[in-house]
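Here's the structure, in structure tokens; my notes come after.
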Number of protein chains: 2
Amino acid sequence: MSVTGPAGFRAAGIAAGIKAAGARDVALVVNDGPRQAAAGVFTTNKVKAAPVLWSQQVLTERKLRAVVLNSGCANACTGPEGFQDTHATAEKVADVLGVGAIEIAVCSTGLIGERLPMDALLSGVDTAAKALDATDQAGLDAATAVLTTDSKAKQAFGKHDAGWSVGGFAKGAGMLAPNLATMLSVITTDAVIGGDDLDEALRAATRVTFDRLDVDGGTSTNDTVLVLASGASGVEPSKEDFTGLLTAVCTDLVRQLQDDAEGATKTIDVTVRGAVSEADAVAIGRTIAEDNLVKTAMFGSDPNWGRIAMALGRVDAEIDVAKLEIATNGVTLYANGTKARDRSEADLSGRAIEIVVDLHLGEHAATILTTDLSHGYVEENSAYSS
Amino acid sequence: MSVTGPAGFRAAGIAAGIKAAGARDVALVVNDGPRQAAAGVFTTNKVKAAPVLWSQQVLTERKLRAVVLNSGCANACTGPEGFQDTHATAEKVADVLGVGAIEIAVCSTGLIGERLPMDALLSGVDTAAKALDATDQAGLDAATAVLTTDSKAKQAFGKHDAGWSVGGFAKGAGMLAPNLATMLSVITTDAVIGGDDLDEALRAATRVTFDRLDVDGGTSTNDTVLVLASGASGVEPSKEDFTGLLTAVCTDLVRQLQDDAEGATKTIDVTVRGAVSEADAVAIGRTIAEDNLVKTAMFGSDPNWGRIAMALGRVDAEIDVAKLEIATNGVTLYANGTKARDRSEADLSGRAIEIVVDLHLGEHAATILTTDLSHGYVEENSAYSS
């Protein structure tokens, strides 16, 4: 169950002919209300795709009636013409739904630098509008239509005892695919919540979930996470409750993205604790997660803590080599400035690997989720130039 | 010809039994004067190996009689005992040469986290001292003794018309090898130059050479570049002349390091020009050079400029997407905010690839040298856990 789990939402995912081979490539998610609060977070990349520029603009009103998404073309680096294509897509959805284009967000994912096939896309919007439904299957169809090299749809859903719920789907993680951009996620809720509170909750949730997934350091041109609130449950949760369930749904989606990242043979959680600040913990975790020598060692199931020490020493953060400890899968390999136990004692042969760095300097911690650097990653990102 | 090219230097490289299979693993470079000016630059990593801590300390005097180097063990993350091992090594060389330990620099490269086999190393110093010679072969032996996964020795030499010269050797680039650290280089000159001027010239030269080679972003625990000046030519060059020849020798060595980087099937020069500052040009070039999606595309000979645009958009630097141009091997693929020519027009099938990003914002430029991300890189860095 995903975006159609909460009351007040319909969705569709159909094949418009943008992707080859008749795969689903256009999705629509519609908020039937009674409320239409919305919020979004977007890529920090300076090279932003046209749909990101559009959606950022419409979200300044914190209100959305619908989101239209396509896979097969990112509409990034396409200039003013590309922006017009996004605008025309929003206008088309607005016409079909009988609302204003300013209430329609647009997301795209796929090849960078190519124009959208607008005839196919606009006719796909008609098809999708006719297919709109509130069923689980309709939500799954939408979740499927945004996939690129993902091996399966990612959906999550959570219901609060008080009768309101949060659901969502996501695709991709980082820059994952040959020439393809984007992590996209659409989340819905039937809680009663205003746009500003929704925005605050979304930022709190993504800061510790989507922002802590780092497969290859590549923040794409199209990364977008949107949340839409219908108010259809009639229940107004506390800020804490809402942020808690939203964070849980985001965590679920992010774990699925990590597990399905390109070429991944290992899921690696890098936890940094004992840091003087959360920023230090995140910076160190991220540098370890992005380090190719750490990632290739993990691919080889090698508890090569020397590479972890090298990686963290590169970070502009407070560390003390005499105090820090490095452990892999529960075995402390480095402590007191030198080797603690032989690395043969740490077994990394399974799929899940946990790296824990304790700086022993403060009270702050963060966990970054990543994957290994495998032959599969190199193969998927070099052998196909589509 | 390398460190024994300039007058006043002897070198040796012998097998002490630190590496398996009887390979050369201890090198000695001795400055016989009449002067002993010296300077060094070291890794910026916060996790510094014992020999780095030692050599930084002795170089505060800007004077060196000799450098002793070993491969097979990095002596990094080895605590106070590791530092004592480095100190004992310097003392041994000082005894053999009849000088003070404070005049001896130490460099190590190899496995992180393991102690040096001191018996083998100290007896190796005796053997090396007996083998000291001013011949080209002795220089080559020293250059060979520092190699780890390098496929061949890297040497360079240049002679000025006025009768003085600069020579040097280097090994590795970034963190290159399974569990092995280090880029090391020793450079010699018979020019008459003081320690402070030598230091200034070395920093000017490395800033545009060694500092602009970036294979995998991994600044090791042991990276060291040393320069020793004997004054034996009796000629005192101008600062400009000296820095020029030193930079030329460094450039030669860096090109050899790039070409022999682990798993490299492509040598990639990333030039960023039209930047508002040199710092912006370096930051953008470095991010493109380190980006795994760019590197895998290059491995696949794919002029995938969308990934280059994505990578540069991640940098905290001034860019304008409407002004910037991206070219690969001379073909401009992106300009005026959109695709300029089809990427099939750029041929990246050869070994040498040139990426040029023109920001059209200012007058500053920089070139970062890197390599592709290949199956060979993953193989070398994952399959062997030695």
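First the proteins, then the strands, lettered A, B, ... as listed; each starts at 1.
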Taking salt bridge (Lys or Arg N to Asp or Glu O under 4.0 Å) as the definition, give me every residue that meets it alongside A:Lys339, ordered by chain and number, with sequence neighbours left out.
A:Asp342, B:Glu114
Using the test salt bridge (Lys or Arg N to Asp or Glu O under 4.0 Å), find all partners of A:Asp280 that sit at least two apart in sequence or belong to another chain.
none
Where [X] and [Y] come nearest, the two heavy atoms and their spacing:
X        : Y        : result
B:Ser382 : A:Phe299 : OG-CD2, 3.4 Å
B:Tyr334 : A:Cys77  : CE1-CB, 3.5 Å
A:Ser374 : B:Val378 : C-CG1, 4.0 Å

Heavy-atom count check: over 12 atoms from other residues, nucleotides or ligands less than 6.0 Å from B:Gln57 CD?
no
With a cut-off of 6.0 Å (strictly less than), are more than 12 heavy atoms of other residues, nucleotides or ligands near CD of B:Glu345?
yes
Top contributor to chain B interface from A:Thr44, A:Leu373, A:Asn336 [non-hydrogen pairs under 4.5 Å]
A:Leu373
Do you know which of A:Ala322, A:Gly113, A:Pro80, A:Gly82 has the most heavy-atom pairs under 4.5 Å to chain B?
A:Gly113
Which of these passes side-chain contact (heavy atoms from CB on, under 4.5 Å) with A:Asn381: B:Val294, B:Asn304, B:Leu293?
B:Leu293
A:Ser301: what forms a side chain to side chain contact (heavy atoms under 4.5 Å, CB included) with it, not counting sequence neighbours?
A:Lys266, A:Leu348
If contact means a heavy atom pair closer than 4.5 Å, which residues of residues 311-321 of chain A contact chain B?
A:Leu312, A:Gly313, A:Arg314, A:Val315, A:Asp316, A:Ala317, A:Ile319, A:Val321
Which one wins on heavy-atom pair count under 4.5 Å against chain A: B:Asn292, B:Asp291, B:Thr43, B:Leu333?
B:Asn292
